[in-house]
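Beneath this line is the structure, given in C-alpha cells, with notes to follow.
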Amino acid sequence: MATFLYRLGRLAFRRRRLATLLWILVLAGLGFGAVSTSGSASDSFTIPGSQSQRALDLLGKEFPQASASGATARVVFETADGKKLTSGSAKSEVDTLVADLKKAPQVANVSDPYTSGAVSKDGTIAYTQVTFKVAQSDVSDAAKEALHEVADAGDKAGLTVSMGGNAVKEKTSSGAAELIGIAVAAVALVITFGSLAAAGLPLLTALFGVGMAMLSITLATHLWNLSSSAPTLALMLGLAVAIDYALFIVSRYRNELADGHAPEEAAGRALGTAGSAVVFAGLTVIIALAGLSVIGIQMMTDIGLSAAFAVAVAVLIALTLLPAMLGFAGPRITRGRLKTEKMKKLERGEGEATGVRWARFVTRNPVRMLAVSVVGLLALAVPALSLETAMPDDSVAAPKSSARVAYDTVTKGFGAGYNGPLTVVVDARDSSDAKGAAADAVTLLGKMADVATVSPAQFNSSGDVALIRAVPKSSPNGQQTIDLVSDIRDQGSAYTKDTGADMMVTGTTALNIDVSAKLSDALVPYLMVVVGLALVLLLLVFRSVLVPLKAALGFLLSLAATLGVVVAVFQWGWFAGALGVDQTSPIVSVLPIFLVGVVFGLAMDYEVFLVTRMREAHVHGAEPTEAVIAGFKHSARVVTAAAIIMISVFGGFLLDDVALIKSIGLGLASAVLFDAFVVRMTLVPAVMTLLGRRAWSLPKWLDRVLPDVDVEGEKLRHALAERQDTDDEDVVRQEPLTPASPGRS
C-alpha cells in the first residue's frame, strides 16, 4: 500500500491542475444535482417485528381514516387572563381555530377538544390533536404554514397558542458551532505550523471534502428517506477528521522537505507513510460507524452510513486533492513569518519539544503514570453506573420553544401522562366476541394503577379490530410508564387465552420504549462486532497482539469516563447551568451506542498516528523506550493540535439549544479530551515502556499468515534506497574514464 500511495502522491502532485479540475467538476455536479432535486428527511423510528410496529401496521390497514403512520401535531390553547375556554368568546375562538385546522392541507383528522375530553378541569387549557394524511417527512410547507397561521390568529385573539408533535418539529441550526470549530482549528493549525500556507491547506481541503459529503447526502435524500439528524452528525465528524487527516499529511510533507527531498518526492513519501496511517485510521472510523447498521433501526443506519461516507470522502480528498494542493504550494509551505523562536530552534535541532519532555517523564515513571491515568478515568466513570436512557420528547425541547411550551402547558392542565397517551389495539379477528373482548380490555386497563383515563373502544368498519386510548399518570419517559407498558404486555397472554383476541400497545410512547430497549440490547453485540473488526485491522497495521489489545482497553476507559461525564451533567445536573442545560433528564437512548461507534473510531485514529511512528522507530532498530520517545517527537505536536481541533468542533455543539445535540457535543469533546491526552499521551507510553520489546511480539504462525501491509513504509524506503543506489551506479558507469586533458586538473 505504501508504494501505491507513494506513486499516487507523486502523480497528483505532478498533475495537480488536472486533479484539482476533476474534483471541482465533481463538486459542481453534486451541487447541481442537490439543487435540482428535492428530498425528505425524518426522525421517525421503525422497528420491524416489534409489538408496537405490528400494531401500527394493523392500524394503518384497519383504520385508514386515522392515518396511523401519519404525522401528528398537538395544538394547545390557553387563556392569558384566566378566562375559561368553555364559554363565551374564548370558546367561539377555539371552535373557529379548530375549524381552520380541519381545512389545512394534508390534514386527515382534527379532534374536538370539547367532545374528546381535552379541556382542563379549570377550563383554562384545551388542546386538539391534528393527524395528517402523510408521514412526517412529507408534510408540506403549506401545511406547516397553515398551523402557524392558526397559532398567529389565536395569539391575536388573546389566547396563548403553542404546538408540539413531529409535524411541527423545528429545525435546528448549528452554524455557530461549525464557525467556532473552524476558527479554533485555524488558530491551532497556525500555532502548529507557524505558517498561513501550511495552516490553510488542511482547512481548504477539509471544507471541500465536507461540502462534497453534504451535497452527496442531500442528493441521496432524493432516493432514500434519510434521518434529519444524519447530515448534522456527518458534518460534525467529517469536518473534524478531514482537518486531522490533512494535518498529518502536511506535517509529514514538511518533514520530508526538511530532510532534503524535492517537493514531488516529499509529497510521494508523505503519502506513502502518513497517507498509509490515514487510510487505516479512516477504515477504523468507517467500520465503527457503518457498524451502526447492525442494530436494525433505520435512523441509526442512516446516521452511521452518512457519517461513514463523510469520513470516506475525507480520506479520499486527503489522498488525492491534498497532494495536488501541495503541488501548488511547493516548498513555500515550510516558510512562515509566524514561527516562534522555540519553533525555529527545534527546526535547527536545538532543544527538545514539550511532547518529547513529557514522553521522557512518563517513560521514567511508567507505573505511577499508569496508575494515575487508570484511577482518574475510573473515578470519572462512576456516574455511568447510574445511567438511565430514554428517547427524547418535547420535554427536552429547547426552552421557550413552541413544542416545549405546549408540553409544559398540557402537563400543567392535565398531567404529564397526557403528553404520551398509549394506543392499545385489540385484534379480535380470531375472537368469537369482538365487542366483549374490547370491553374486557377497557376494564383491564382501567384497573391498572398508573392509568389515569381510558377511552371507550372504537371499532373498524368490520367491527373486529378496536382502538383504545389509555393515558398514564406519569410522564412518557417516566419509569412508571415503562412499567405500565410492560404490565399490559405481560397480561397479554392471559387476555388472549380468555378472549381469543390479541392486545397490543403502540403509539409514540410505546414505540420510544421499544426503541430504547432495542438499543440497550444491541449495545454489547455492537461493541463486540466493532471492536472485533477493528482489532483485526490494528493487528494488520502493527503486527502485534498486545498493542491492539492495549488500544481497545484504553478506549473502554475513555468511553466509561465519557459516559460518566454525560450522566453527571445531563442526568445529575452537575455544571448544568454553565453548559446551558435547563433541566435534568435520562440520557438519550441513541447516545451510548453512538458514542461507542464514534469514540472507538476516533480513539483508533490517535492510536494509529502515534504508535505508527513508534513502530517506525522500532523497525529502524531503536530501543523500546527510545522508540516511544521518537514517536512523540514526530507526532505529539500534531496529535495535540488534532485533538484541540476536534474538541473545538465538538464542543461548539454545546451552543445548540437541543439537548440531544448538546449531549453529543459534550460526549464527543470529552471523549477526545480523555482519549488523546490521558490514554494516548499518558497511558500508552507508560504501557509501551512496561511492555518493552514484548509490545511488538507476534507468534510465528500468525506472522506467516498475516499479510504485511507495511503501514510505516519500511518496504517503500528500502525500494527507494535501492533505486538511489542503482541510479548512483549508473552515473558512475556513464562517467568518462579517459585521462584528464592537458591543462585540466
Which heavy-atom pair separates [X] from [Y] by the least distance, and what is that distance?
{"X": "T128", "Y": "S111", "result": "OG1-O, 2.5 Å"}
{"X": "S293", "Y": "T301", "result": "CA-OG1, 3.4 Å"}
{"X": "A73", "Y": "L147", "result": "CB-CD1, 4.2 Å"}
{"X": "S475", "Y": "Y407", "result": "CB-OH, 4.0 Å"}
{"X": "S120", "Y": "G413", "result": "CB-O, 3.4 Å"}
{"X": "A234", "Y": "S306", "result": "CB-O, 3.8 Å"}

List the steps, then state whether side chain to side chain donor-acceptor pair (under 3.5 Å) holds for D514 with S52. CA-CA 7 Å; D514 289 344; S52 55; 2.5 Å; yes

Inter-residue atom distance [X].[atom1] - [Y].[atom2], 0.5 Å rounding:
{"X": "T506", "Y": "L422", "atom1": "OG1", "atom2": "CG", "result": "9.5 Å"}
{"X": "Q53", "Y": "L58", "atom1": "CD", "atom2": "CG", "result": "12.0 Å"}
{"X": "L215", "Y": "M212", "atom1": "CG", "atom2": "CE", "result": "8.0 Å"}
{"X": "L387", "Y": "L591", "atom1": "CG", "atom2": "CG", "result": "8.5 Å"}
{"X": "S589", "Y": "F594", "atom1": "OG", "atom2": "CZ", "result": "14.5 Å"}
{"X": "N419", "Y": "T509", "atom1": "CG", "atom2": "OG1", "result": "8.5 Å"}

Within the structure provided, determine whether [X] and [Y] are in side-chain contact (heavy-atom separation under 4.5 Å).
{"X": "L595", "Y": "T562", "result": "yes"}
{"X": "V454", "Y": "R469", "result": "no"}
{"X": "N512", "Y": "P476", "result": "no"}
{"X": "L666", "Y": "F570", "result": "yes"}
{"X": "V130", "Y": "T72", "result": "no"}
{"X": "T86", "Y": "V119", "result": "yes"}
{"X": "V107", "Y": "T131", "result": "no"}
{"X": "T124", "Y": "L85", "result": "no"}

Quick check: does any side chain N or O of [X] sit under 3.5 Å from a backbone N or O of [Y], one acting as donor and the other as acceptor?
{"X": "S486", "Y": "I482", "answer": "no"}
{"X": "S462", "Y": "D464", "answer": "no"}
{"X": "Q480", "Y": "K473", "answer": "no"}
{"X": "E78", "Y": "A126", "answer": "no"}
{"X": "K84", "Y": "D122", "answer": "yes"}
{"X": "N460", "Y": "V465", "answer": "yes"}
{"X": "S402", "Y": "M163", "answer": "yes"}
{"X": "R489", "Y": "M504", "answer": "no"}
{"X": "K662", "Y": "L654", "answer": "yes"}

Output, in order, the C-alpha distance, side-chain angles, deciding distance and verdict of salt bridge (Lys or Arg N to Asp or Glu O under 4.0 Å) for K61 and D57. CA-CA 6 Å; K61 179 181 178 182; D57 294 339; over 6 Å; no

Is a donor from one side chain sitting under 3.5 angstrom from an acceptor on the other, for Q491 and D487? no

Quick one: do L292 and Y526 satisfy side-chain contact (heavy atoms from CB on, under 4.5 Å)? Show the steps, please. CA-CA 7 Å; L292 291 171; Y526 170 69; 3.5 Å; yes

Test L519 against M300 for side-chain contact (heavy atoms from CB on, under 4.5 Å), laying out the working first. CA-CA 10 Å; L519 288 170; M300 298 302 295; 4.1 Å; yes

Check step by step if side chain to side chain donor-acceptor pair (under 3.5 Å) holds for S386 and Q571. CA-CA 9 Å; S386 302; Q571 196 173 305; 5.5 Å; no

Side chain to side chain donor-acceptor pair (under 3.5 Å) partners for S431, two or more places apart: none

In terms of heavy-atom contacts, does CG of D141 have more than 12 from other residues, nucleotides or ligands at under 6.0 Å? no

Applying the side-chain contact (heavy atoms from CB on, under 4.5 Å) criterion to V566, which one of I664, I587, V588 satisfies it? I587

Under-4.0 Å salt bridge between R54 and D427: no

Flag the pair K156 and D152 as a salt bridge only when some basic side-chain nitrogen lies within less than 4.0 angstrom of an acidic carboxylate oxygen. no

Residue pairs involving residues 484-515 (criterion ring-ring contact (aromatic ring centres under 6.0 Å, His included); sequence neighbours excluded): none

Going through the distances and angles, do T409 and F77 end up as a side-chain contact (heavy atoms from CB on, under 4.5 Å)? CA-CA 9 Å; T409 303; F77 310 101; over 6 Å; no

Name every donor-acceptor pair, under 3.5 Å, that has one atom in a side chain of residues 92-102 and the other anywhere in the protein, sequence neighbours excluded.
residue: S92; atom: OG; partner: G88; partner atom: O; Å: 3.3
residue: D95; atom: OD2; partner: K91; partner atom: NZ; Å: 3.1
residue: T96; atom: OG1; partner: S92; partner atom: O; Å: 2.9

Could you walk me through whether L59 and T423 pass side-chain contact (heavy atoms from CB on, under 4.5 Å), step by step? CA-CA 10 Å; L59 284 177; T423 301; 4.0 Å; yes

